[in-house]
Amino acid sequence: MRKTDTDIQLMTEGPIPRTILRYALPIFIGYLFQQLYNTADALIVGNLVGSSALAAVTSTGSITFLAVGFFLGFSVGAGIVIARHIGAADHEQTSLSVHTAVTMGLCFSVILTAAGVLLSPTILRWMDTPEDVFFEASSYLRIYFAGSAGFVMYNTFVGILQASGDSRHPLYYLIASSLTNVVLDVFFIIAFHMGVEGAALATVISQCTAALLALRRLCCRSDSIRVTVRKLRFDGANLREIVRYGLPTAMQNCMIDLSNMLIQSYINSFSSAAMAGIGAYTKVEGFAFLPVTAFSMAMSTYISQNRGGGKRDRMREGGRFGLFWSTVMIEVIGMLIFALAPVLVAAFNRDPEVIGYGVIRARVCALFYCLLGFSHVSSAVLRGLGKPVAPMVVMLVCWCAVRVAVLTTVGNLFHNILLACWIYPITWGMSSLVYLIYLGRIQRAGARLAP
């Protein structure tokens, strides 16, 4: 990748596989550490506090994913806009879009903090959270949202860095954050016996640490993505572009996570053991999904930069490379999880009932990870092509409307945990089929791009 404008790295030149992999690998390692510190909460709480505390921490995942997913959508949109300006070597517009993104992140931080602290107990009631875990889940969520500026601003800053081709420094910040979280987990839970409150506080402090490190990096840059306080304001044209790309992704993430909250409510209707077992499995699944996350981030930036530079052949070849190898990798991981499910779930809690529920979910979903991977990378490719509405519609219909319809009809007739498991691979398959048809049409049409 050729360097220009001081530290910015272009993905418009060089061997395609190496360019994508050099960008994706640090993202993968970074998210691996992030997943490790998220999992550390569950491991320490599950083994040292108990299964009800594990259920409290893991069952809040769908709520925190909802919040993170919505604001992450806008950071993805900002990254696409910034990457396109970088690819076109428009330094003035790059700076304007960077400061617009940071200003938007600050506004979102204030809104989410207030809403999360006030509404957490109400949301848990809507989800029919059992009384034996309600207090701990509520405490965890309120502390988490009190520090929500950490993860909102971290994702904003990292989106800017990654749009410039820098995926190494976000890796360093996540490593520092992960180590901080693990140390504080042990310190708060073992030394001060703070339980789930300690786990939440450790997460907040570690996220804020990563955000401050990323901000320091941006403030010390000497190129067009440098952040300067006096330049923080909304630029109308760039704000419209960020919203154009970010809102569909935010709505997509939000609606999918809302459907996952409905599924979590369905799981809650069984027992705290079901909540703990399936919650433990989702932590394992989080690791499986990391290669797809890395490839998705890489593909959006790669295609956006090459689109800005008018490199259509590179876009086409890079898209094929990312789709194929991300799908292969996650399927191999799925087969390993299928085989090792009892051991992996038991690492969180050794209650046989908890393990049983986790293994059921793993044995249903793990062999269909290829469909999950194909859908997510296809969505990233389309966003990079300037088509953010298409993946939003596909995901809203297949991953949201269908799941809600099935659970509110079939779920009321047949109260079976298998329904909450099979709903995932079925909808992954539906979205993959639609993406395959849609991408085929774009290919046959000569990959005509949105202006």
Side-chain angles (χ1 to χ4, degrees), residues 1-12 23 26-27 30 70-110 149-174 208 210-247 249-250 297-298 300-309 383-384 386 388:
M1 291 183 286
R2 179 172 62 87
K3 290 190 177 182
T4 188
D5 195 22
T6 310
D7 293 325
I8 290 175
Q9 298 184 10
L10 292 181
M11 303 176 75
T12 54
Y23 183 87
I27 296 177
F70 181 77
F71 296 107
L72 183 59
F74 284 98
S75 69
V76 169
I80 290 172
V81 173
I82 294 166
R84 193 177 74 238
H85 290 325
I86 289 172
D90 191 335
H91 306 322
E92 180 181 356
Q93 288 300 315
T94 299
S95 180
L96 287 172
S97 59
V98 164
H99 288 90
T100 298
V102 175
T103 304
M104 179 181 287
L106 291 171
C107 293
F108 282 155
S109 297
V110 174
F151 71 75
V152 172
M153 296 313 300
Y154 172 75
N155 283 309
T156 301
F157 298 145
V158 164
I160 295 169
L161 289 169
Q162 291 176 342
S164 74
D166 182 0
S167 58
R168 290 186 301 108
H169 286 92
L171 165 62
Y172 304 152
Y173 308 148
L174 275 177
C208 290
L212 290 173
L213 290 171
L215 175 60
R216 179 179 178 275
R217 172 67 181 171
L218 287 171
C219 290
C220 292
R221 302 265 301 211
S222 58
D223 51 35
S224 57
I225 69 166
R226 179 180 180 179
V227 172
T228 305
V229 174
R230 61 182 174 81
K231 293 183 179 181
L232 290 176
R233 63 179 63 88
F234 288 118
D235 174 71
N238 278 288
L239 179 61
R240 286 191 293 273
E241 283 293 285
I242 291 173
V243 171
R244 177 193 170 199
Y245 289 101
L247 183 59
T249 305
M297 297 291 294
S300 287
T301 301
Y302 171 87
I303 290 179
S304 295
Q305 282 198 14
N306 281 279
R307 180 176 171 235
R383 284 194 295 270

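Note that this is a predicted model, so its numbers are computed, not measured.
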Q.
To the closest 0.5 Å, what do you measure between CG (L247) and CZ (R240)?
A. 15.0 Å
(Q) So which atom in G150 and which in A211 form the shortest heavy-atom distance, rounded to 0.1 Å? (A) O-CB, 3.5 Å
Q. Any side-chain heavy-atom pair from H85 and V98 closer than 4.5 angstrom?
A. no
Q. Do P170 and L174 come within less than 4.5 Å of each other through their side chains, counting heavy atoms only?
A. no
Q. For the side-chain contact (heavy atoms from CB on, under 4.5 Å) test, which of I82, V81, V243, T94 pairs with N238?
A. V81
Q. Between atom OG1 of T156 and atom CG of L161, what is the distance when rounded to the nearest 0.5 Å?
A. 11.0 Å
Q: Side-chain contact test, heavy atoms from C-beta onward, threshold under 4.5 Å: evaluate it for S95 versus K231 and give yes or no.
A: yes
Q. Atom CG in N155, atom OG in S75: separation rounded to 0.5 Å?
A. 5.0 Å
Q.
Quick one, R217 with Y172, criterion side-chain contact (heavy atoms from CB on, under 4.5 Å). Give me CA distance, side-chain angles, the key distance, then yes/no.
A. CA-CA 11 Å; R217 172 67 181 171; Y172 304 152; over 6 Å; no
Q | Main-chain N/O of L218 paired to R226 side chain as donor or acceptor, under 3.5 Å | A | no
Q | Distance-minimising heavy-atom pair for H91 and S224 | A | O-CB, 3.6 Å
Q | Closest contact, heavy atoms only, A214 versus F157 | A | CB-CB, 3.6 Å
Q | Beyond-backbone contact of R221 with D166, side-chain heavy atoms, under 4.5 angstrom | A | yes
Q. In terms of ring plane angle, is the pair Y173 and H169 parallel, tilted or perpendicular, where the classes change at 30° and 60°?
A. tilted
Q. For the residue pair V76 and R383, what are the closest heavy atoms and their distance?
A. CG1-NE, 3.8 Å
Q. Less than 4.5 Å apart, any side-chain heavy atom of D235 and any of H99?
A. no
Q: Could you tell me which non-hydrogen atom of A163 sits nearest to which non-hydrogen atom of G79, and how far apart they are?
A: CB-O, 3.4 Å
Q: Find the distance between OG (S300) and CZ (R307) and round it off to the nearest 0.5 Å.
A: 12.0 Å
Q.
Is the shortest side-chain heavy-atom distance between V102 and I160 below 4.5 Å?
A. yes
Q) When rounded to the nearest 0.5 angstrom, what is the spacing between CD1 in I86 and OG in S97? A) 7.5 Å
Q.
Let me confirm one number: the CE-CG distance from M104 to L106, rounded to the nearest 0.5 Å.
A. 11.0 Å
Q.
Counting C-beta onward and ignoring hydrogens, is there a side-chain heavy-atom pair between C107 and F234 closer than 4.5 Å?
A. yes
Q: Write down the atom of A78, the atom of A101, and the distance for their closest heavy-atom approach.
A: CB-CB, 3.7 Å
